[in-house]
Amino acid sequence: DFFFTARTSFFRRAPQGKPRSGQQDVEKEKETHSYLSKEEIKEKVHKYNLAVTDKLKMTLNSNGIYTGFIKVQMELCKSPQTSPNSGKLSPSSNGCMNTLHISSTNTVGEVIEALLKKFLVTESPAKFALYKRCHREDQVYACKLSDREHPLYLRLVAGPRTDTLSFVLREHEIGEWEAFSLPELQNFLRILDKEEDEQLQNLKKRYAAYRHKLEEALREVWKPD
C-alpha cells in the first residue's frame with residue numbers, strides 16, 4: 001500500500017504495523033466481493049444508475065455479469081514508447097482522464113492492457129500499475145491494485161463519484177530519485193509548491209468559516225434579554 005496527503009502527489013510506502021483504516025476498507029471490499037449475491041448486485045447497480053450524472057450507467061445482464069465505465073487518470077513521469085507513426089498522443093502528454101467501457105469480469109491487468117492498446121504503447125504492461133485513490137477525512141489514500149482485482153466492482157461499490165474513488169495509471173515505483181532528470185525534479189517541486197499553497201488556502205477558508213459560525217453562536221449566547 002502507498003498513500004499521500006493533499007500536500008504531495010508522490011506515493012509513500014505506509015509504515016509497518018497496525019493497518020490503517022484505508023487498508024481495512026480495502027480488505028473489507030475484497031471480502032464483500034466474494035459474498036455478493038445476484039440480488040445484491042442488482043440492487044447496487046440500480047442505486048448506482050440513480051446516482052449517475054454523466055449518463056455513464058451500468059448494465060446488468062441476465063447471467064449476473066454487468067458492464068459499465070471507469071475513468072483512469074494517466075500519471076506517467078516519462079512518455080512511453082509508442083508504435084512508429086501511430087498518430088496517437090502520448091498518455092503523459094495530454095494528462096486527460098481516459099474512459100473505458102469494461103465488464104465486471106475484466107481484471108486490473110486487462111484494464112492496463114486496454115489502456116496501453118488505446119494509445120498504441122509498445123512497452124510491456126508489466127511496467128505499469130493501476131492504483132485506487134480514495135479520499136477520506138481530508139487525506140488521500142492510494143492503494144496499488146493487484147492484477148486479479150476487478151475495477152468495475154470497486155467502481156460499483158464506491159458509487160459513481162470520482163471524488164470518492166478514482167483510478168490512476170502509473171509506472172511502477174522505482175524508489176530512486178537519480179532516475180529523474182533535473183528538469184523533472186524541478187517540475188516535481190513546482191507541483192508540490194502549488195499543491196501546498198492550495199491546501200493552505202483551503203485550510204484557511206475552512207477555519208475562517210468555522211470561526212465565523214462560532215462567533216455568531218457566541219453572540220447569540222451573550223445577547224442581552
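Residue numbers run from 1 in the order of the sequence given. Quick caveat: nothing in here was measured; it's all calculated off a predicted structure.
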ILVMFWY clustering at 4.5 Å (side-chain atoms), partners of Leu203: Tyr207
Any side-chain heavy-atom pair from [X] and [Y] closer than 4.5 angstrom?
{"X": "Tyr66", "Y": "Asn61", "answer": "no"}
{"X": "Lys132", "Y": "Leu165", "answer": "yes"}
{"X": "Val72", "Y": "Val168", "answer": "no"}
{"X": "Tyr48", "Y": "Pro160", "answer": "yes"}
{"X": "Lys118", "Y": "Asn98", "answer": "yes"}
{"X": "Cys143", "Y": "Tyr131", "answer": "no"}

What distance do [X] atom [atom1] and [Y] atom [atom2] have between them, rounded to the nearest 0.5 Å?
{"X": "Arg155", "Y": "Leu152", "atom1": "CZ", "atom2": "CG", "result": "9.5 Å"}
{"X": "Ser166", "Y": "Ile70", "atom1": "OG", "atom2": "CD1", "result": "11.0 Å"}
{"X": "Leu169", "Y": "Glu75", "atom1": "CG", "atom2": "CD", "result": "9.5 Å"}

Flag the pair [X] and [Y] as a salt bridge only when some basic side-chain nitrogen lies within less than 4.0 angstrom of an acidic carboxylate oxygen.
{"X": "Lys47", "Y": "Glu43", "value": "yes"}
{"X": "Glu113", "Y": "Lys117", "value": "no"}
{"X": "Lys71", "Y": "Asp54", "value": "yes"}

Passing option when [X] is tested against [options] for side chain to side chain contact (heavy atoms under 4.5 Å, CB included):
{"X": "Lys42", "options": "Glu39, His46, Lys44, Lys38", "value": "Glu39"}
{"X": "His150", "options": "Ile102, Thr107, Leu145, Asn106", "value": "Thr107"}
{"X": "Thr67", "options": "Lys57, His101, Met58", "value": "His101"}

For the student: nearest non-hydrogen atoms of Phe128 and Ile112, plus distance: O-CD1, 3.8 Å
Which atom of Leu116 lies closest to which atom of Pro125, heavy atoms considered: CD1-CA, 3.6 Å
Donor-acceptor pair, side chain of Asn187 and main chain of Pro183, under 3.5 angstrom: no
